[in-house]
Amino acid sequence: MSLRLARVVSAALLTVAASASVFAAAGPLIWRGDVTVARGVVGDVAKAWEKAGNGKIEVQSFNTASGLDALEKGQADLAGTARPATGAAEAGLTFTPVAWDGVVLITHASNPVTNITMQQLHDIYYGKITNWKDVGGKDEGINVYAAASPGDGVEWSLRKLVFGRGNQPVAAPRLYVNQAKLEEGIGLDTRGFGATTLSGAAGNKKLKMISVDGVAPSTSTVASGAYPLYTQLYLVTNPASPKAADAKALVDFVTDGAGKSLLRSHSLLPYADGAALVSGDAGRRARILASVGAKASASEPLTTAAPAAAAAPAAAVAAAPSRPLTKAEKLAAARAAAKEKAASAPPSQFAGVTGSVFTTAHAGFAGITADAITVSDQAKIGGKFAKVTSDAVTVAGKPTAKPAVDTHEKPSDKVNLGSTAPSQAEIAKAEAERNEAIAKAAASKKKSTEPGVAAKVRGQSRDSDTAKSNAKSIAKTTKPAQTYTVKPGDTLYSIAKKHNADIAKVRQWNGLKGDSVKLGQTLKVSGPR
């Protein structure tokens, strides 16, 4: 072989080796994200991409949070989600909508329920409806399944539509990492209820998709906007990624003619075909929230509260004068705020109801206050209250502590202001008097033998012993807090309702930050009585 030919061959071999080295270093595109996007978009697209000679795509299906986190840290080249960007950490990523997917409500295939209203959906998730019979089904509990939000994009999108914010807590004791696991659980539970996507549930014979307000979910009803629950599916890229150009090329591949065909095969509507959905999105969201009495707000913790009432404190602060308010000004401001809140709140079903308390006791009621809860405050508590009670007690003309009340006792139209058990203050006073009497008796025993003095001491001792006996009797009647073990189908609201307890106090007694409870969890359902 000549020297010239040898040099040519060597150069060719080096070129091939260098190309192979670059390809090996580049490797496949790594996609990680929402299982919904993986099943409906990326799975078949990855095969078509590779068949077209564009290289391999490694699909890592899990959930939205894991995909966006990996993309931001450079551990993935693309991500997928069923929700838009929600925070500053995601602001540097590019979210490209590629398809529309229906958010569908599912139950077990054998469940007879076929339709619910938007209000019923809201109330099931909120824990106000807990039995299938209340939505036309059997007399059995509803087992609510949900994925963790905002870690899961589908769950975030549904809560954003129905409650006005994607991180709204819901009455679901079962939380899953993604829709695939949720679907498996409901497919085994005849009482199960949850949300997934049309692309995920279509064709699954173990599941039944439930209509909403009489409209069944389908590609055509989503495309027309007749079915109100739908969301966008996104492919997400990082402009700072070394493979940003290849990732952008894959996004373009999904949105062209071949990619659209693959999307339609999974019951998805290509994003470009849903121009009417884009223009009507704001109106759709407003109609849904209005139908359930909620309001879209990122700052309000409760979306079902009266909107004007929530805004009143901020307005009052903004208008506050720089100097301290006088008592008269504070009273006027409080009255104005109460009037504004009353005007914005929904009318109470107790409007026009009056009541009176009559007593012959020789006492004043100065300083005694009582609170009543009506349906206007249901957003704070979690439901309507059919029974409103208020108690006032006096002892010898002085206000004293409210006695323990049996909440299971039938309501009475009589108020007894007669004899009551002594208060803690009275017990302490009696104990002090007893000790003082004993000390005086011991000091004066040697100085006086008058029978009246001894008799007086003995009488004081007997009185104090009686007070001490009464104190022991009260201590014996104090009962420890009641507890309850969470059973299948229970929600925090249903547990509180079952034990006639204030749901806010149940959270406080158990140190709960939200409404989620776990199967087998032991909860306090009353304070010491």
Side-chain angles (χ1 to χ4, degrees), residues 29-42 45 57-101 103 146-170 175-180 195-197 199-200 229-255 268 271 274 277-278 281-282 285 296-301 303 514:
L29 284 174
I30 297 177
W31 179 95
R32 184 184 299 178
D34 201 314
V35 67
T36 296
V37 182
R39 294 186 299 187
V41 179
V42 181
V45 166
I57 299 176
E58 182 178 331
V59 179
Q60 300 176 356
S61 172
F62 191 59
N63 67 5
T64 292
S66 68
L68 297 178
D69 183 65
L71 181 61
E72 182 185 359
K73 294 179 179 179
Q75 299 170 350
D77 306 308
L78 297 100
T81 173
R83 66 162 173 80
T86 59
E90 300 170 6
L93 305 177
T94 302
F95 285 68
T96 303
V98 297
W100 299 91
D101 200 353
V103 179
S149 176
D152 179 80
V154 175
E155 193 70 47
W156 187 96
S157 295
L158 176 65
R159 298 187 196 182
K160 181 68 174 178
L161 285 169
V162 178
F163 294 98
R165 60 177 185 148
N167 59 351
Q168 168 72 38
V170 297
L175 293 178
Y176 291 81
V177 295
N178 57 43
Q179 261 57 46
T196 185
T197 59
S199 62
L229 302 178
Y230 50 84
T231 187
Q232 300 165 340
L233 302 186
Y234 299 84
L235 286 180
V236 190
T237 56
N238 188 345
S241 171
K243 299 181 183 178
D246 291 339
K248 177 62 168 58
L250 176 60
V251 174
D252 294 340
F253 182 83
V254 173
T255 56
L268 295 172
Y271 181 77
L277 300 182
V278 176
D281 187 56
R285 293 180 181 275
S297 174
S299 60
E300 294 178 3
T303 60

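Heavy-atom basis, side chains included; hydrogens, waters and symmetry copies ignored.
- The minimum heavy-atom distance between Leu161 and Leu229, with the atom names listed, is CD1-CD2, 4.0 Å.
- Here the shortest heavy-atom pairing between Ala82 and Leu233 reads CB-CD2, 3.7 Å.
- Taking each heavy atom of Asn238 and Gly92 in turn, the nearest pair found is OD1-O, 4.4 Å.
- Residues Ala146 and Val170 come closest through the heavy atom pair CB-CG2, 4.4 Å.
- Leu250 pairs in a side chain to side chain contact (heavy atoms under 4.5 Å, CB included) with only one of the listed residues (Leu78, Thr237, Asp77, Val42), which is Leu78.
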Inset, instruction - Run the numbers on Arg159 and Asn167 for side-chain contact (heavy atoms from CB on, under 4.5 Å), then give the verdict. - result: CA-CA 7 Å; Arg159 298 187 196 182; Asn167 59 351; over 6 Å; no
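- Looking only at distances, no side-chain donor or acceptor of Gln179 sits under 3.5 Å from a matching main-chain atom of Thr196.
- The one candidate from Leu158, Val154, Thr231 that meets the side chain to side chain contact (heavy atoms under 4.5 Å, CB included) condition with Thr197 is Val154.
- Remark: the backbone N or O of Phe62 is not paired with any side-chain donor or acceptor of Ser66 at under 3.5 angstrom.
- Here CH2 of Trp156 is found 6.5 Å from OG1 of Thr86. Values are rounded to the nearest 0.5 Å.
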Inset, instruction - Please assess Asp152 against Thr64 for the test side-chain hydrogen bond (donor to acceptor under 3.5 Å, both in side chains), listing each intermediate value before the final yes or no. - result: CA-CA 5 Å; Asp152 179 80; Thr64 292; 5.5 Å; no
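- Between the side chains of Asp34 and Thr81, no donor-acceptor pair is found at a separation under 3.5 Å.
- To the nearest 0.5 Å, the span separating CD1 on Ile30 from CG on Leu71 amounts to 11.0 Å.
- Residues passing the side-chain hydrogen bond (donor to acceptor under 3.5 Å, both in side chains) test with Asp69 are Lys73, sequence neighbours excluded.
- Applying the salt bridge (Lys or Arg N to Asp or Glu O under 4.0 Å) test to every pair with at least one member in residues 87-97, sequence neighbours left out, gives these pairs: Arg83-Glu90.
- The distance from the CG atom of Asn178 to the CD atom of Glu155 is 11.5 Å, given to the nearest 0.5 Å.
- Scanning all heavy atoms of the two residues, the minimum distance from Phe95 to Pro84 falls at CE2-C, 3.9 Å.
- In this structure, NZ in Lys160 is found 11.5 Å from CD in Gln168, a value given to the nearest 0.5 Å.
- A distance of 10.0 Å separates CZ of Arg32 from CG of Asn63, quoted to the nearest 0.5 Å.
- Applying the side-chain hydrogen bond (donor to acceptor under 3.5 Å, both in side chains) criterion to Gln232, with sequence neighbours excluded, gives Tyr234.
- At least one side-chain heavy atom of Phe253 sits under 4.5 Å from a side-chain heavy atom of Val45.
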Inset, instruction - Run the numbers on Val278 and Tyr271 for side-chain contact (heavy atoms from CB on, under 4.5 Å), then give the verdict. - result: CA-CA 9 Å; Val278 176; Tyr271 181 77; 3.5 Å; yes
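- Looking at Leu29 and Lys243, their side chains come closer than 4.5 Å, going by heavy atoms from C-beta outward.
- Contact detail for Ala195 and Val103: the closest heavy-atom pair is CB-CG1, 4.5 Å.
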